[in-house]
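The structure under discussion appears below in the form of structure tokens.
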Amino acid sequence: MNPLIDAHNRRINYLRISITDRCNLRCQYCMPKEGVSSFGQAEVLKYEEIYRLAVLTAEKGISKIRITGGEPLVRKDAVQLIRQLSRIPAIEDLSMTTNGILLEEFAPALYQAGLHRLNISMDSLNPEKYRSITRGGDLARVWAGIEAARRANFFPIKINVVAMAGFNEGEILDFARLTLQDSFQIRFIEFMPIGASSQWKPEDCIPAEEIKRRIQTFRPLIPVDKGRNGYEGPARLFKFPAAAGEIGFISPISDHFCNSCNRLRLTADGKLKTCLFSDEETDLKPLLRGGCSDEELEKKLDETISSKPLRQGALGGVMKRCQRPMVKIGG
Ligand code: SAM
């Protein structure tokens, strides 16, 4: 089968699969205040359909899969899907992004099913602030989930922190200090304009360079060389001298990484998205449910990849945002 290479010669080897748009949190920046109506059960891809796409895309060069949501762990039998995906030989890297609320319960089973890497979203270390940004979340449960993941041997455990001016900027150093003793990778992510009703304003985004500058007022940061000029995926990695963990910066706004974008996203309702900031989507469900052959599916994948934009949206000063809220994309 032909590899997935777009019109700009970018090889697509990373598929992010959202398995549900339901979430057990209501993060203010991810979901509008009034909530979003969830897809009906029939709209959401079945695990067999997801698996079929994973196998086909793996034959076309996908070697990394990330499971996301909504909150992936609220979907029934997520462990079973992980077990199937982990057995696809070409998939070298299987990971999940989760808010951690249900991890205490699921970490051992997920690990046994073949998931060994986790990104856990935690935007505040302060229980009240966490409750406020997530509209009701319990930070103690996230910590219990992180501990359970450690006990189950997950490594590395990456903690995603969306840096938002006026919300958690006072905690940047507290997050960074966690890496002194713990092997976490704390990743500061620039706040992005996603979702038509998001309240995002340019001044809400703290540029990665500014976060780094503030951290360096505490201690110097040494680049971590992961063999790609300090980048690991889109993250630029550093650490404090002799620290156990690492600090990453992900800068989709101030220093976009479109030129090296290797990603494809599959939404829970079966739409392929080639760019987070674009509204272009390819609906695979009619094909999947219409008894299509693998050849027809492959043709659709190739067409979709060939139209992957070079760059989009919030980049280059144009503050366009895609209409789907993040909870219905998966990050
Ligand atoms: N429920 C899971 C979780 O909380 O990690 C997975 C889905 S969530 C949509 C995936 C990631 O997207 C989270 O780390 C979240 O913080 C991030 N995210 C959501 N909206 C964002 C935005 N506007 N800018 C940057 N990151 C965002």
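When a ligand or atom number is given, it counts from 1 through the structure's own listing order.
The closest donor-acceptor contact from the side chain of Asn99 to the backbone of Ile101 lies under 3.5 Å.
For atom 19 (C) of ligand 1, the nearest non-hydrogen atom of the protein is Met326 CG, 3.2 Å. Regarding atom 10 (C) of ligand 1, its nearest protein heavy-atom neighbour is Gly330 O, 3.6 Å. Counting protein heavy atoms only, atom 13 (C) of ligand 1 is closest to Ser121 OG, 3.2 Å.
In this structure, Thr98 is part of the shell of residues with a heavy atom less than 4.0 angstrom from ligand 1.
Applying the 4.0 Å criterion to heavy atoms of Thr68 picks out, from ligand 1, the atoms 6 (C), 7 (C). Within the listing of ligand 1, atoms 2 (C), 3 (C), 4 (O), 5 (O) sit less than 4.0 angstrom from a heavy atom of Asn99. Near Cys30, meaning under 4.0 Å from one of its heavy atoms, ligand 1 places the atoms 9 (C), 19 (C). Shown in contact with Phe191 at under 4.0 Å from a heavy atom are these atoms of ligand 1, numbered in order with element: 22 (C), 23 (N), 24 (N). Close approach of ligand 1 to Tyr29 (heavy-atom distance below 4.0 Å) involves ligand atoms 15 (C), 16 (O), 18 (N), 19 (C), 20 (N), 21 (C), 27 (C). Listed by atom number, the atoms of ligand 1 under 4.0 Å from Glu190 heavy atoms are 25 (C).
A donor and an acceptor atom, one from each side chain of Glu71 and Thr20, are nowhere located under 3.5 Å apart. Thr97 and Thr68 are not linked by any side-chain donor-acceptor pair at a separation below 3.5 angstrom, with hydrogens and angles left out of the test. Inspection of the Asn126 and Ser124 side chains reveals no N or O donor paired with an N or O acceptor under 3.5 Å. With no hydrogens or angles considered, no side-chain donor-acceptor pair links Asp123 and Asn168 at under 3.5 Å. A donor-acceptor contact closer than 3.5 angstrom is absent between the side chains of Glu303 and Ser306.
On a distance-only criterion, Met192 and ligand 1 share at least one N/O pair closer than 3.5 Å.
Judged by the 6.0 Å distance and 45° axis criteria, Lys129 is positioned over the aromatic ring of Phe167.
Across Cys27, Ser18, Gly70, heavy-atom proximity to atom 1 (N) of ligand 1 is greatest for Gly70. Taking each of Asn119, Ile133, Val162, Leu73 in turn, the one with a heavy atom nearest to atom 26 (N) of ligand 1 proves to be Val162. Looking at Pro325, Cys23, Gly331 and measuring to atom 12 (O) of ligand 1, the nearest heavy atom belongs to Gly331.
Between Phe155 and Arg117 the shortest side-chain heavy-atom distance does not fall below 4.5 Å. Contact annotation: the side chain of Ile19 approaches that of Leu81 to within less than 4.5 Å [non-hydrogen atoms, C-beta and beyond].
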Full working for salt bridge (Lys or Arg N to Asp or Glu O under 4.0 Å) between Glu281 and Arg324: CA-CA 11 Å; Glu281 298 176 343; Arg324 260 186 197 253; 2.5 Å; yes
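Contact annotation: for Asn160 versus ligand 1, heavy atoms closer than 4.0 Å belong to the side chain alone. At a heavy-atom cutoff of 4.0 Å, ligand 1 is contacted by both the backbone and the side chain of Thr97.
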